[in-house]
Amino acid sequence: MTYTPRKPSILARTPWWLLAILLLFVLGYWGIATDAGYSQIFNAVAGGLGTTLWVTGVAFFAATVLGLLVALARTSDNRILRELATFYVEIIRGIPVLVFLFYVAFVGAPAMVGALNWVLQPFDTAITVRQFDFAWRAIVALTVCYSAFIAEIFRAGIQSVDRGQLEAARSLGLSRWKCFRLVTAPQALRTILPPLANDFVSMIKDSALVSALGVQDITQLGKVYSSGTFLFFETYNVVALLYLTLTISLSLLVRVLERHLRENRH
């Protein structure tokens, strides 16, 4: 008679930290649903949820595209491209996000408007700095900042592919583009996706910095509401709960993605 080990129950396999977080969410949203004061705060603050997701989504998409281009330049055989891309990555990664946000908003934006007005001068058309919305300035800043980090993720993924496979593909007559599309990209994707998803979670948290420019995101609306009612404790409880809902939900999806890629590695 063979002994078959008993499969642990779902409760036994569920991590305690996850149960604690679920309990925290249940208590938090129960308090919002049953307390008139918290419900009012939630309605006031949740209006910035769309702005937070919009700024994060647009900036992350643009940063991913720019990061891929920088990574391709960093792995290029052309030394000039490699040096320029490395210079870009090292400079941008060395500047705090908030500092770069202010730099783009109050230095870069006026310079861009001035250059655009110079180009449009023959057409007798001019724009003002005020027409450059602060939300878009924040998107530009987040795009540039995160593109440097995403470029390193792409570079690591590209370089994780065995060079022998690329040499074999080139010996079969495949072009450089076909080598990248058919050999490098499918294998690098397994390495790239989890840290890329983690960067998206980080950008959601860093998007709170755009409130320093007055962009009406979750943090800014919480700041305005608490300064008018002096309910700082209650307001920032709701703000924190909203951010936790976004980040932890996405973090759990990243864990599922990592496990799926690990189980299907072969």
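All values below come from the heavy atoms of this structure, side chains included, with hydrogens, waters and symmetry mates left out.
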S.K.: Nearest heavy-atom pair of Leu221 and Ala44: which atoms, and what distance?
M.R.: CD1-O, 3.5 Å
S.K.: Quick one, Leu18 with Leu252, criterion side chain to side chain contact (heavy atoms under 4.5 Å, CB included). Give me CA distance, side-chain angles, the key distance, then yes/no.
M.R.: CA-CA 10 Å; Leu18 182 57; Leu252 291 175; 3.9 Å; yes
S.K.: Quick one: CZ on Arg82 to OG1 on Thr75, what's the gap to the nearest 0.5 Å?
M.R.: 9.5 Å
S.K.: If you measure from CZ on Arg255 to CD1 on Ile248, what distance do you get to the nearest 0.5 Å?
M.R.: 10.0 Å
S.K.: Heavy atoms, side chains only, cut-off 4.5 Å: are Thr143 and Phe61 in contact?
M.R.: no
S.K.: Considering non-hydrogen atoms only, spot the tightest contact between Ala105 and Phe134 and give its length.
M.R.: CB-CE2, 4.3 Å
S.K.: Just jot down the side chain to side chain contact (heavy atoms under 4.5 Å, CB included) partners of Ser211, sequence neighbours excluded, or say none.
M.R.: Asp217, Thr219, Gln220, Lys223
S.K.: Does Leu23 have more than 12 heavy atoms from other residues, nucleotides or ligands lying within 6.0 Å of its CG?
M.R.: yes
S.K.: Give me the atom names and distance for the closest heavy-atom approach of Gly94 to Pro96.
M.R.: O-CD, 3.9 Å
S.K.: Between Phe25 and Tyr38, is there a shared hydrophobic cluster once you connect ILVMFWY residues whose side-chain heavy atoms come closer than 4.5 Å?
M.R.: yes
S.K.: State, with a plain yes or no, whether a side-chain heavy atom of Leu241 is found less than 4.5 Å away from one of Ile32.
M.R.: yes
S.K.: Which pairs pass ring-ring contact (aromatic ring centres under 6.0 Å, His included) with one or both residues in residues 231-255, sequence neighbours excluded?
M.R.: none
S.K.: Applying the 4.5 Å side-chain criterion to the ILVMFWY set and letting contacts propagate, would Phe42 and Leu53 be lumped into a single cluster?
M.R.: yes
S.K.: As a quick check of understanding, evaluate side chain to side chain contact (heavy atoms under 4.5 Å, CB included) for Ile218 and Val238, giving each step before the final call.
M.R.: CA-CA 10 Å; Ile218 297 172; Val238 174; over 6 Å; no
S.K.: Scan for salt bridge (Lys or Arg N to Asp or Glu O under 4.0 Å) pairs involving residues 242-254, sequence neighbours excluded, and state none if there are none.
M.R.: none
S.K.: Rounded to the nearest 0.5 Å, what separation is found between the CG atom of Leu250 and the OG atom of Ser202?
M.R.: 11.0 Å
S.K.: List in chain and number order the residues that pass side chain to side chain contact (heavy atoms under 4.5 Å, CB included) with Ala212, two or more places apart in sequence or in another chain; answer none if no residue qualifies.
M.R.: Leu98, Phe102
S.K.: So, does Ser207 use its side chain to make a donor-acceptor pair with the main chain of Ile204 at under 3.5 Å?
M.R.: yes
S.K.: So, the side chain of Ser76 versus the backbone of Leu72: is there a donor-acceptor pair under 3.5 Å, distance only?
M.R.: no
S.K.: Does one hydrophobic cluster hold both Val215 and Phe106, with members joined at side-chain heavy-atom distances below 4.5 Å?
M.R.: yes
S.K.: What do you reckon, is OH of Tyr103 surrounded by more than 12 foreign heavy atoms closer than 6.0 Å?
M.R.: no
S.K.: Do Val70 and Val65 belong together in a cluster built from hydrophobic side chains that touch within less than 4.5 Å?
M.R.: no
S.K.: Would Leu69 and Leu84 show up in the same hydrophobic cluster when neighbours are defined by side-chain heavy atoms closer than 4.5 Å?
M.R.: no
S.K.: Once you round to the nearest 0.5 Å, how far does CD of Gln40 lie from OG1 of Thr229?
M.R.: 8.5 Å
S.K.: Using a 4.5 Å cut-off on heavy atoms from C-beta on, say whether the side chain of Phe200 contacts that of Val254.
M.R.: no
S.K.: Give me the atom names and distance for the closest heavy-atom approach of Leu101 to Ala141.
M.R.: CD1-CB, 3.5 Å
S.K.: Taking all non-hydrogen atoms of both residues into account, name the closest pair between Ala71 and Ala151 and its distance.
M.R.: CB-O, 3.4 Å
S.K.: Using 0.5 Å steps for rounding, measure from the OG atom of Ser249 to the CG atom of Leu244.
M.R.: 9.5 Å
S.K.: Thr52 versus Leu242: any side-chain heavy-atom pair under 4.5 Å?
M.R.: no
S.K.: Return yes when atom CD of Glu152 has more than 12 non-hydrogen atoms of other residues, nucleotides or ligands closer than 6.0 Å, and no otherwise.
M.R.: yes
S.K.: Donor-acceptor pair, distance only, cut-off 3.5 Å: does the side chain of Glu90 make one with the backbone of Tyr88?
M.R.: no
S.K.: About how many Å separate CH2 of Trp136 and CG of Leu213, when rounded to the nearest 0.5 Å?
M.R.: 15.0 Å
S.K.: Hey, does Arg74 have a side-chain heavy atom less than 4.5 Å from the side chain of Phe154?
M.R.: no
S.K.: Mind checking whether Val144 and Val104 have side chains closer than 4.5 Å, heavy atoms only?
M.R.: no
S.K.: Please list, chain by chain and in numerical order, all residues satisfying ring pair (Phe, Tyr, Trp, His ring centres under 6.0 Å) with Trp30, sequence neighbours excluded.
M.R.: none
S.K.: Under the side chain to side chain contact (heavy atoms under 4.5 Å, CB included) test, which residues partner Asp199, sequence neighbours left out?
M.R.: Phe60, Tyr146, Phe149, Ile150, Ile153
S.K.: Are any of the side-chain heavy atoms of Leu142 and Val210 separated by less than 4.5 Å?
M.R.: yes
S.K.: Could you report the tightest heavy-atom contact between Gly157 and Ile192, atom names first, then the distance?
M.R.: CA-CG1, 3.9 Å
